[in-house]
Every structure is written in structure tokens, then in C-alpha cells.
2 protein chains.
Amino acid sequence: MSDQVEAAMRSEAPQMRADKHVSLQTVERLSAYRRVLEELDRDGVEYIHSQQFAGLVGVTPAQLRRDLSSFGTFGNISRGYNVYQMGRTMSRIMGTDSTQSVALFGVGDLGRALLSYRGFEERGFHIAVAFDVDQDKVGRVFAGRRCYALEELATVLPEYEVRMAVLASRPEGLQALADRVAAAGVHAILNFVPKRVTPPEGCFVENTDISAKLEKLSFLAHAQATV
Amino acid sequence: MSDQVEAAMRSEAPQMRADKHVSLQTVERLSAYRRVLEELDRDGVEYIHSQQFAGLVGVTPAQLRRDLSSFGTFGNISRGYNVYQMGRTMSRIMGTDSTQSVALFGVGDLGRALLSYRGFEERGFHIAVAFDVDQDKVGRVFAGRRCYALEELATVLPEYEVRMAVLASRPEGLQALADRVAAAGVHAILNFVPKRVTPPEGCFVENTDISAKLEKLSFLAHAQATV
DNA sequence: GCCTCACTGTGAATAGAATCACAGTTGCAG
DNA sequence: CTGCAACTGTGATTCTATTCACAGTGAGGC
Ligand SMILES: NC(=O)c1ccc[n+]([C@@H]2O[C@H](COP(=O)([O-])OP(=O)(O)OC[C@H]3O[C@@H](n4cnc5c(N)ncnc54)[C@H](O)[C@@H]3O)[C@@H](O)[C@H]2O)c1
Ligand SMILES: NC(=O)c1ccc[n+]([C@@H]2O[C@H](COP(=O)([O-])OP(=O)(O)OC[C@H]3O[C@@H](n4cnc5c(N)ncnc54)[C@H](O)[C@@H]3O)[C@@H](O)[C@H]2O)c1
């Protein structure tokens with residue numbers, strides 16, 4: 001093997017780590033890293049140092065390096081990080097390097113907005129199918145995606161190879177819905193319904209409570225006003 | 001003052017604290033606490049202990065007590081917490097005991113879903129007005145709310161006494177938009193656009209990145225699969 | 001080929017959040 | 001009125017995340 005090839009391998013191929021513990025907070029920053037890497041790649045940047053990279057993402061360089069180090073070693077000491085290479089690696093780590101099918105539950109106002117959103121495809125997610133309890137909606141096609149009745153869940157989900165689910169239904173029966181979805185083989189649920197869901201066995205649940213965000217902001221704005 | 005009255009005051013009136021430091025994580029749990037208190041109140045529960053309360057919210061009793069203690073003392077040692085009283089106090093702490101006006105920027109699919117959502121009013125927020133750059137949308141009324149051109153921002157926001165803003169526009173010019181909004185007197189921004197915003201001076205920014213949530217879930221589901 | 005410079009990856013130190021554990025209180029039973 | 005049982009609020013502790021700081025390294029200049 002020539003020195004060039006060897007050197008290239010050393011500097012280009014990230015040493016991924018089949019590692020132990022990765023903090024949840026690190027995971028949350030990962031998508032921000034990937035987004036910045038994508039922009040840099042579009043701008044034709046080949047290498048970037050932790051200092052500038054961190055500046056673009058809005059974290060400290062130390063934190064960036066620490067986060068990355070929990071997945072392996074990526075950086076070339078003098079040149080910094082290879083933008084393209086590392087973007088690919090991030091996608092691989094997050095499992096978004098190939099498109100995954102997602103199912104939507106609840107084709108209301110929010111559900112339809114999600115269905116017509118293009119951004120998910122760019123990030124490796126495809127809402128392949130929708131479900132609703134409303135008989136007026138079942139059988140119809142929304143933004144190209146068919147809406148099924150909840151009863152068809154167990155047969156339809158495997159058919160579309162659905163790995164993740166988004167809940168935009170109603171608070172009533174939310175836990176039961178989550179349990180059914182998990183039982184049908186879904187291992188990750190994104191929940192928009194403002195009600196607590198106890199994660200079913202073997203299934204991750206992530207909540208997005210928009211009102212809660214507003215409340216947090218309200219508190220902060222208020223608190224500052226009184227200081 | 002009779003003993004009864006004195007006892008009642010001691011047990012019912014929360015001792016609020018004009019306190020020092022409140023952790024951000026505590027603030028985020030506050031809305032969950034309030035939601036549960038509301039449900040309990042609807043169910044006619046008068047008092048509840050930290051143990052059961054924590055169970056309903058999904059935190060440990062110790063954490064609940066610690067969180068509450070950073071705002072003052074609420075609990076009656078033997079009877080627990082007064083559900084109604086504490087619900088009111090939570091609202092007051094978060095500044096949601098009276099309705100606040102919110103402005104929406106970007107009347108696209110997501111913006112319209114937010115406009116027709118009833119849940120915000122229940123939580124003390126009222127989207128009073130909308131803005132868009134699209135001339136087809138300016139002047140129209142969406143779910144009862146008028147859509148203005150961005151240029152009218154400086155005059156319209158004070159008119160509606162807007163305290164907070166929601167951004168559901170596009171990535172282009174996002175920072176400039178945030179800066180303008182903040183300059184018009186808004187101190188808190190909820191941003192749905194997947195692009196980093198540097199908080200303008202004196203303004204809090206909270207981001208909700210739905211794709212990032214999916215990416216996090218994808219990572220978790222993947223990671224578990226390989227364990 | 002060697003030297004220099006500035007960068008990464010990571011132990012050590014610090015800051016911060018969650019949990020433990022209990023002193024002190026209070027409602028209530030008798 | 002007294003004693004008991006059980007709860008809160010909080011100091012002390014543990015656990016986790018972030019930042020510091022530097023040894024070791026590689027690219028590029030000469
Ligand atoms: N619209 C928003 O902007 C917004 C904002 C924050 C939170 N949310 C939450 O997101 C959820 C959806 O909001 P929305 O405005 O689209 O509500 P919506 O009432 O317009 O739509 C809900 C849809 O879910 C369906 N549904 C009800 N139970 C179901 C079940 N068990 N399985 C499948 N489908 C079911 C209904 O038939 C309806 O079509 C609500 O829980 C709401 O609180 C919405
Ligand atoms: N729709 C979704 O489900 C979804 C999900 C996640 C994130 N988002 C993000 O939310 C934002 C809105 O999504 P959408 O689907 O409604 O997009 P959209 O393209 O349907 O609507 C965007 C609206 O914002 C307006 N706009 C653009 N620039 C503006 C500005 N500077 N000031 C005011 N208005 C402006 C446009 O005219 C348009 O009406 C996007 O940035 C998108 O990435 C949307």
C-alpha cells in the first residue's frame with residue numbers, strides 16, 4: 001500500500017467507535033451539527049476547524065470536540081474536520097443515511113401541515129401513510145398519502161415498512177394509541193398531543209408541546225421584566 | 001384574628017419567593033405540573049401529595065418538591081398541595097394568568113394550523129395578528145386573524161399589544177426578521193424555522209425543530225437495535 | 001528532512017442537576 | 001391535650017454535563 005493511500009485512509013476515514021454511553025444532550029446537538037455541515041458543503045467548504053464550526057452551531061469548541069469524540073475520531077489535527085465525510089458520518093450515526101418510512105396518526109390541521117411539509121424528505125424521513133378515526137377522512141388521499149382506519153394498523157404498518165410514528169391526534173385514548181402503535185412494531189414515537197405518554201416497552205417517545213414552549217418563553221420574558 | 005382564619009392563611013396562601021436562580025429545566029417542567037393540576041382540579045381533587053403528583057407528571061417526588069421550593073413554599077405538611085391554589089400560582093409564575101397577545105410570522109401550512117388551534121387560548125395565549133411577505137396573503141383574514149405586510153410591523157404590533165412572536169416563515173432572512181421583531185418590542189420568540197437564530201439583545205428565542213426530534217428518535221431506535 | 005505552529009482528543013477540574021435522607025412540622029385519632 | 005404517623009422543605013451527596021488546559025501530533029514552510 002502506497003504512503004499516499006495510507007495517509008488518505010488515515011486522514012479521510014473516520015475512526016468510528018462502537019461505543020458505550022452517548023449523552024442525550026449530545027444526540028440533540030447532532031442534528032444541528034449536521035445541518036451546519038450541509039450548509040458548509042453546499043458552500044464548497046472542504047475542511048473546518050472546531051472553533052469556526054462551533055461558532056456556526058452556537059456551542060463552545062470544547063463541547064463540539066467532546067460530542068464528536070464520543071463517536072470516534074474525525075478530525076485531522078492540522079486541517080480540521082472534513083465537511084463532506086463528517087456529514088455522511090453524522091447521517092450514518094443518526095440512521096438517516098437512507099430514507100425511513102413514518103406513519104402519521106391524526107389527519108387534522110397539524111397532521112395535514114406535516115403531510116405537506118417537504119423538509120422531512122431532505123432529512124431522510126418519508127411520511128408514507130396516515131391513519132385517522134374520522135370516517136370522513138378514511139379512504140381519502142392527503143398530499144399523496146392514503147388515510148387508513150385505525151383498525152387496519154396491524155396489517156398496513158408492516159406493508160409500508162414503517163419504523164417511526166408521529167401522533168397528531170387527540171388526548172383521548174392517547175396511551176392506548178401509543179401502545180397499539182408500539183405493538184405493531186414501531187420503536188419510536190414523536191408525540192404532538194399535550195398529554196403524558198408512558199413509553200411502551202421497547203419504544204422511545206419524544207414529546208413536542210408547543211404550548212409548553214410558549215409558557216417557558218412567557219416565564220422568561222416575565223422574569224426578566226421584574227429584574 | 002381567629003385561630004381558624006390564621007390557620008387558613010397559613011395553609012392556603014402560598015409563600016412566594018422573589019427568588020434568585022431558577023433552573024431552565026425546572027421551568028420546562030412547570031407547564032407539565034400545571035397541566036396535571038388542571039386535570040386534578042377538573043376531577044375535583046382538592047389536595048395531593050408529592051408522591052402521587054410526581055407519579056402523574058412522570059418525575060420523582062424529590063424533584064417535584066425541589067422544583068416547587070425554588071418558587072416558595074406551597075405544601076401543607078400533612079395534607080399535601082392545594083390543587084387549585086397551586087394551579088393559580090403556577091399560572092402567575094409563568095405569566096399566563098391573563099391572556100397575552102402573540103403575533104405569527106408566516107401564514108403557510110404550519111402557520112395556518114397554528115392559527116386554527118384552540119389549545120393556545122386555554123393556556124393564556126392569543127394569536128392576535130399575522131404577517132406575511134406574500135402579497136396574495138396580505139390583507140386576507142385567516143381564522144379570524146388579519147394578515148399584514150411585514151412593513152406594517154412597527155405600527156401594528158404595539159396596536160395589538162403583542163408580547164411574543166411565533167416564526168413560521170422561511171430560512172431566508174430569518175435573523176433579520178427576528179431582529180426586526182425584537183426591535184418592535186417583542187421579548188420572546190418561538191421559532192419553527194430550522195435555522196439558527198442568534199437571540200437579539202433582550203429577547204429570548206426558543207427553537208422547535210421537528211426534523212431534529214425525528215433525527216433524535218431515529219438515533220435512539222437505531223442505537224437500541226444494535227445493542 | 002526538520003522545525004514550527006496551531007489543532008485535536010481527552011484527562012482533570014468545575015459547574016450544575018437529580019437524588020437521598022432526615023429534621024421539623026402538622027393534622028388527626030384517641 | 002398528647003402522641004403518632006407521615007409529609008414537606010432542604011442540607012448533603014451523588015451523578016452528569018461542560019469547560020479548562022495541555023500533551024501529542026500532523027501539515028506545511030523552508
Ligand atoms: N394545530 C396546532 O397548531 C397544534 C399545536 C399544538 C398542539 N397540537 C396538538 O396536536 C394534535 C392535533 O392537532 P390538530 O389541530 O390537527 O387537531 P384536529 O382536531 O384538527 O385533528 C385531530 C385529528 O385526529 C383524529 N384522531 C382523533 N383521535 C384519533 C386516534 N385515536 N387515532 C387517529 N386519529 C385520531 C381526529 O379525527 C382528527 O382528524 C392535538 O392533540 C393538538 O392538541 C396542535
Ligand atoms: N409545515 C410543517 O409541517 C413544518 C414542519 C417543520 C418545520 N417547518 C418549518 O416551518 C416553516 C413554515 O413551514 P410551512 O410549511 O408553513 O412553509 P410554507 O412555505 O407553507 O409557508 C411559509 C410562509 O412564510 C411566508 N414568509 C416567508 N418569508 C417570510 C418573512 N420574512 N416574513 C413573513 N412571512 C414570510 C411565506 O410567504 C409563506 O406564506 C418553514 O421554515 C418550515 O421549515 C414546517
Side-chain angles (χ1 to χ4, degrees), chain A residues 3-17 19-30 32-33 45-55 57-83 85-86 89, chain B residues 3-4 6-17 19-30 32-33 45-55 57-83 85-86 89 216:
Chain A
D3 283 348
Q4 281 94 329
V5 172
E6 214 178 348
M9 282 192 58
R10 244 186 292 117
S11 62
E12 300 303 329
Q15 285 287 17
M16 275 190 69
R17 185 179 290 178
D19 219 350
K20 47 212 168 191
H21 175 76
V22 176
S23 121
L24 269 192
Q25 328 232 11
T26 296
V27 177
E28 286 181 6
R29 285 186 289 266
L30 243 47
Y33 297 159
V45 178
E46 275 195 69
Y47 283 88
I48 190 165
H49 291 300
S50 65
Q51 179 94 42
Q52 308 147 65
F53 190 7
V57 180
V59 299
T60 64
Q63 181 158 73
L64 172 65
R65 294 203 301 272
R66 174 74 66 188
D67 280 345
L68 297 181
S69 80
S70 60
F71 296 106
T73 68
F74 301 94
N76 175 305
I77 283 196
S78 305
R79 286 199 277 171
Y81 299 91
N82 180 312
V83 169
Q85 191 68 247
M86 191 158 132
T89 307
Chain B
D3 283 347
Q4 281 95 330
E6 212 178 348
M9 281 191 60
R10 244 187 291 115
S11 62
E12 300 303 329
Q15 286 286 17
M16 275 191 68
R17 186 178 289 177
D19 218 351
K20 48 217 167 188
H21 174 76
V22 177
S23 123
L24 269 192
Q25 327 235 9
T26 295
V27 177
E28 285 181 7
R29 285 187 289 265
L30 244 46
Y33 296 160
V45 178
E46 275 196 70
Y47 282 89
I48 190 166
H49 291 300
S50 65
Q51 179 94 41
Q52 308 146 64
F53 190 7
V57 181
V59 299
T60 64
Q63 182 158 72
L64 171 66
R65 293 202 302 272
R66 174 75 66 190
D67 281 345
L68 297 182
S69 81
S70 60
F71 296 107
T73 67
F74 301 94
N76 176 305
I77 285 196
S78 303
R79 287 199 276 171
Y81 299 92
N82 179 312
V83 169
Q85 191 69 249
M86 191 158 131
T89 307
K216 180 179 171 189

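Taking atom CZ of F53(A) as the reference point, atom P of dC7(C) lies 16 Å away to the nearest angstrom. Between the CG atom of L24(B) and the P atom of dT18(D) there is a distance of 13 Å, rounded to whole Å. At whole-Å resolution of the value, CZ in R79(A) and P in dT25(D) are 18 Å apart. Atom CG of D67(B) is separated from atom P of dT8(D) by 14 Å (rounded to the nearest Å). Distance CD (Q63(A)) to C1' (dT8(C)): 16 Å, rounded to an integer number of Å. Distance E28(B) CD to dA17(C) C1': 13 Å, rounded to the nearest Å. Rounded to whole Å, atom C1' of dT19(C) lies 15 Å from atom CD of Q25(B). Atoms CD (Q51(B)) and P (dT19(C)) sit 13 Å apart, rounded to a whole Å.
In terms of phosphate contacts, H49(A) brings no side-chain nitrogen or oxygen within less than 4.0 Å of OP1 or OP2 of dA6(C). T60(B) has a side-chain polar atom (N or O) that falls below the 4.0 Å cut-off from OP1 or OP2 of dT19(C). Taking only side-chain nitrogens and oxygens, R29(A) comes nearer than 4.0 Å to OP1 or OP2 of dT18(D). Listed pair Y81(A) / dG9(C) meets the phosphate criterion, a side-chain N or O lying under 4.0 Å from OP1 or OP2. One finds a side-chain N or O of S50(A) lying less than 4.0 angstrom from the OP1 or OP2 phosphate oxygen of dT8(C).
Under 3.5 Å, the side chains of Y47(A) and N76(A) contain no donor-acceptor pair of N or O atoms.
Minimum atom distance to the side chain of R65(A) is reached by dT8(C), of the listed dA17(C), dT8(C), dA18(C). Listed candidates were dT8(C), dC20(C), dC20(D). Nearest to the side chain of R66(A) is dC20(D). Out of dG9(C), dT19(D), dT26(C), the shortest distance to the side chain of N76(B) is found at dT26(C).
Minimum interatomic distance between V57(B) and A32(B) (heavy atoms only, all atoms of both residues): CG1-CB, 3.8 Å. Among all heavy-atom pairs drawn from Y33(B) and F53(B), the shortest one is O-CZ, 3.9 Å.
Rounded to the nearest 0.5 Å, atoms OG1 (T26(A)) and CD (Q63(A)) are 7.5 Å apart. To the nearest 0.5 Å, atoms CZ (R65(B)) and NE2 (H49(B)) are separated by 11.5 Å.
When heavy atoms are screened at a 4.0 angstrom cut-off, T26(B) is found touching no nucleic acid atom at all.
Between I77(B) and A62(A), it is I77(B) whose nearest contact on DNA chain D lies nearer the 5' terminus.
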